[in-house]
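Note that these values count all heavy atoms, side chains included, but never hydrogens, waters or copies made by symmetry.
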Amino acid sequence: MNGWQGKVLDVDLTSEKIQWHPLDPETARKFLGGRGLNSYTLLKDVKPGIDPLGPENVLCIAPGVLSGTPLPLSSRVEVSTFSPYSGILGDGSAGGMFPTFLKLAGVDQLVVRGASSSPVYLWIEDGRAELRDASSLWGKNTWETVDALKKEHGRDVRVACIGQAGENLVRFASTIVDKHSSAARGSGAVWGAKRLKAIAVRGTIKPTLARADEFRELADADRKFFLTDDFQHNTVRKYGTHIGVLTWEPGFRHYQRYLEKEDIPEELMPDSWKRFESGRYACFGCPVACKNRYVIPDGPYRGEENAGLEYESIHCLGLNCGVTGPEAIMVLSNLSDKYGMDVIALGNTIALAKDLFAHGVISSKETRGLNLDWEDAQAEIELVHQTAMREGFGNVVAEGLYNMAKIIGGKAPDYCWHVKGLSRGVHPPGIMALAHATSTRGADHLRGRTWAYGENDGEVFTGLVSEGFVPDVETDVVNCLTVCECVTAVTDALGRCKGAVTSWVAAVPLVWKYPLLYGVARLLSSATGIDYTEDEVMKAGERIYITERAFNVRHGISSVHDRIPQKPDVRDSSRGEEERREHREMLREYYRVHGYDEESGIPLREKLMELDLPEVASMLFEGDRTENWDGPPLWDLDDYPRGGRRA
């Protein structure tokens, strides 16, 4: 095969059987790679009704079809599973060096099944793979694990792994890639349940390109754009995601309000972070280098260096939890990386806990003496330790936002503003609420809605709208979101970075030069030798999204779960009733456009057949289904493992 390596690595941890299977060419054509391959595999192989933390769950790890090629911004890997955090599809995209080297090791997709009886790690090198004992690594944090595996295999190996949070089955534990990148939504807990500590990889096998000269010419043009574009070179390269505090209106104190630029504390402004910066770094082959390296100047972690402190750490661990000190935010972010926890899920769950504490729903009795006042940064740091180690009140926080609210009970669910167990705050009917309601992994900002306004793309975006490629969000919310969903599904299947500031030029290769997906079609055609058209590329995005919807339907999701979160005072008012009515009308239009049943939100058989997905239709309509989603099955809090030492 051209473009792809042509191989799927299938590892059964129960039997310790490792097999290399040929990648099915038809599946590759339909779903491309990365997120596409993973979502299709999960639909086929994960049966409804299983425990996500049981051996029956499947873990899929796949670079994109264009990862490992000369195309810039293409070192991304998708980590996908049946999420123990949400009880639906859970996937995350991570950058760094590991994604490229996994592809260069000959892997289009890695599928992990079963569970080992003792800790293991997987060693992959140029088409060979073996399981090795990881007893000496179990209990270590992610930074220590990476360092130990580099010492064992050489400084040039790349590592994905879990920390103590994954080992202790914290439900929002992440897969940590190359120390600083995180694939979120609970995959780390699945690694821990399978007793898989790490994957170390070395690769030198470059994928064959069908028309190599044509591909390199296109890739070189894209690289030159990022080196010369004023915004990418002088703003994104300088600040990365930190500029988000100026325009993205971060939540404050569990979304009590959203902060405008003038509300942001001076010490958290983009230029203020420069005083901690020790350098910049880039993922493999990226000309932008959007990530910062920084050093903590004071306190018990003085001198500790890390990289990639993102907007979401400032927002979710900082502002939305009421903490505004940059030193504390750096400590919180570092601990999240070392323990292996998603900063969004961790921050949102702690923010909910603080809100419940402020409203008297819980007290120091429930928190076991821990003070959860908004400004108490040291107490929040302690709670992060407790969460990763499942100590004290952290054992409840480790269950995640929705699950924690159910466990606490009483009025706690009134303050839990979630969609399918994940939160991005509360919003009135419109693009934000609709996107969060229909996202295939729960409330989420990266499934499409972030691209609806194109605020970081200038004339490129206005051209896409004026020429009819992207509907205007102000007049056609549903079709605008639909296009954005399909395009970003393609992005994740290509292995392309969506950009530090979520821009069209990052997510869609060559969109600055060619209309929408024409450049992507040329890249895919020259890489694979298959003559893709723009319509065929868009259809691949449609297939991925509807396959994910089918997966969630099989696990109990229907229209009732595509909800608009509301605070109690709005929910119980006439205004709240009107907002729900408006949201339902928008949902019905969304279902019509997507080819779902207008009442249930279940994909129609004829739409699946139109997309050449007869096997998806068969699984959806003839296979088993979970009756009604209510989050993942929960364990008794005393049944979880607790181990490792504090970071």
Side-chain angles (χ1 to χ4, degrees), residues 1-10 20-44 58-81 89 91-96 98-112 124 160 177 183 201 203 205-210 215 219 283-285 486-498 507-509 517 520-530 532 536-545 547-548 613:
M1 297 177 75
N2 295 314
W4 297 280
Q5 297 282 30
K7 293 180 181 178
V8 175
L9 175 57
D10 196 302
W20 292 86
H21 301 298
L23 175 64
D24 178 59
E26 186 64 9
T27 301
R29 182 191 67 80
K30 288 182 180 179
F31 292 95
L32 302 178
R35 176 179 156 193
L37 292 181
N38 286 357
S39 296
Y40 180 66
T41 299
L42 291 177
L43 178 68
K44 288 191 305 166
V58 175
L59 178 70
C60 299
I61 302 170
V65 59
L66 298 184
S67 298
T69 72
L71 183 71
L73 280 72
S74 62
S75 188
R76 304 294 298 188
V77 67
E78 198 81 11
V79 183
S80 310
T81 193
L89 173 72
D91 65 32
S93 173
F98 176 86
T100 294
F101 282 81
L102 183 63
K103 182 73 173 283
L104 296 181
V107 179
D108 288 311
Q109 185 188 35
L110 166 62
V111 181
V112 182
I124 308 172
V177 172
V201 61
I205 306 169
K206 294 182 179 179
T208 303
L209 302 173
F215 186 92
C283 298
F284 184 91
C486 290
V487 168
T488 53
V490 169
T491 302
D492 288 332
L494 295 178
R496 178 79 166 196
C497 177
K498 294 187 175 103
V508 186
L517 294 174
V520 175
R522 287 194 62 187
L523 284 163
L524 283 171
S525 298
S526 57
T528 68
I530 300 170
Y532 280 94
E536 287 166 336
V537 175
M538 185 66 82
K539 188 166 284 190
E542 278 192 84
R543 286 193 194 100
I544 294 166
Y545 219 83
T547 296
E548 293 169 350
L613 295 174

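Between the side chain of Ser75 and the backbone N or O of Gly96, at least one donor-acceptor pair lies under 3.5 Å. With hydrogens and angles disregarded, a donor-acceptor distance shorter than 3.5 Å links the side chain of Ser526 to the backbone of Leu523. With hydrogens and angles disregarded, a donor-acceptor distance shorter than 3.5 Å links the side chain of Asp108 to the backbone of Gly6. Remark: the backbone N or O of Lys498 is not paired with any side-chain donor or acceptor of Thr491 at under 3.5 angstrom. The main-chain N or O of Lys30 is never found under 3.5 Å from a side-chain atom of Lys539 such that the two would form a donor-acceptor pair.
Interatomic distance, OG1 of Thr208 versus CH2 of Trp4, reported as 13.0 Å (0.5 Å rounding). Expressed to the nearest 0.5 Å, how far CG of Asn2 lies from CG of Leu524 amounts to 12.5 Å. Asp492 CG to Leu37 CG: the interatomic distance, rounded to the nearest 0.5 Å, is 12.5 Å. Within the model, atoms OG1 of Thr100 and NZ of Lys206 stand 11.5 Å from one another, a figure rounded to the nearest 0.5 Å. One finds the NZ atom of Lys44 at 6.0 Å from the OG1 atom of Thr27 (value rounded to the nearest 0.5 Å). Atom CG of Leu73 is separated from atom CG of Leu494 by 12.0 Å, given to the nearest 0.5 angstrom.
The two residues Glu548 and Asp91 have their closest heavy-atom pair at OE2-OD2, 4.1 Å. Across Gly106 and Lys7, no two heavy atoms sit closer than the pair O-CB, 3.4 Å. Between Cys486 and Glu542, the closest heavy-atom pair is SG-CG, 3.5 Å. Nearest approach of Val58 to Thr81, heavy atoms of both residues: O-OG1, 2.8 Å. Arg496 approaches Pro72 most closely through the heavy-atom pair NH1-O, 2.8 Å. Scanning both residues, Leu102 and Pro63, for their nearest heavy atoms gives CD2-CD, 3.8 Å.
Proximity of Ile61 to Glu78: side-chain heavy atoms (C-beta onward) are nowhere separated by under 4.5 Å. The shortest distance between side-chain heavy atoms of Leu209 and Pro70 falls below 4.5 Å. Within the 4.5 Å cutoff, side-chain heavy atoms of Leu42 are placed close to those of Cys60. Looking at heavy atoms from C-beta onward, Pro207 lies in side-chain contact with Thr69 at the 4.5 angstrom threshold. Residues Pro99 and Phe284 have side chains not in contact (no heavy-atom distance under 4.5 Å, counting atoms from C-beta outward). Using a 4.5 Å cut-off on side-chain heavy atoms (C-beta onward), Leu23 and Gln109 make no contact.
Ring geometry for Tyr40 versus Phe31: interplanar angle under 30°, hence parallel rather than tilted (30 to 60°).
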Exercise for the section: List the steps, then state whether side-chain contact (heavy atoms from CB on, under 4.5 Å) holds for Arg35 with Ser80. Expected result: CA-CA 7 Å; Arg35 176 179 156 193; Ser80 310; 5.6 Å; no

Practice task
Take Lys103 and Ile205, measure what side-chain contact (heavy atoms from CB on, under 4.5 Å) needs, and give me the verdict at the end.
Solution key: CA-CA 8 Å; Lys103 182 73 173 283; Ile205 306 169; over 6 Å; no

Practice task
Walk me through it: do Ile124 and Phe101 pass the test side-chain contact (heavy atoms from CB on, under 4.5 Å)?
Solution key: CA-CA 10 Å; Ile124 308 172; Phe101 282 81; over 6 Å; no

Practice task
For side-chain contact (heavy atoms from CB on, under 4.5 Å), just list the numbers for Val201 and Val107, CA-CA rounded to whole Å, side-chain angles, deciding distance to a tenth of an Å, and then say yes or no.
Solution key: CA-CA 10 Å; Val201 61; Val107 179; over 6 Å; no

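A salt bridge is defined here as a Lys NZ or Arg NE, NH1 or NH2 lying under 4.0 Å from an Asp or Glu carboxylate O, and Arg29 with Glu26 meets this definition.
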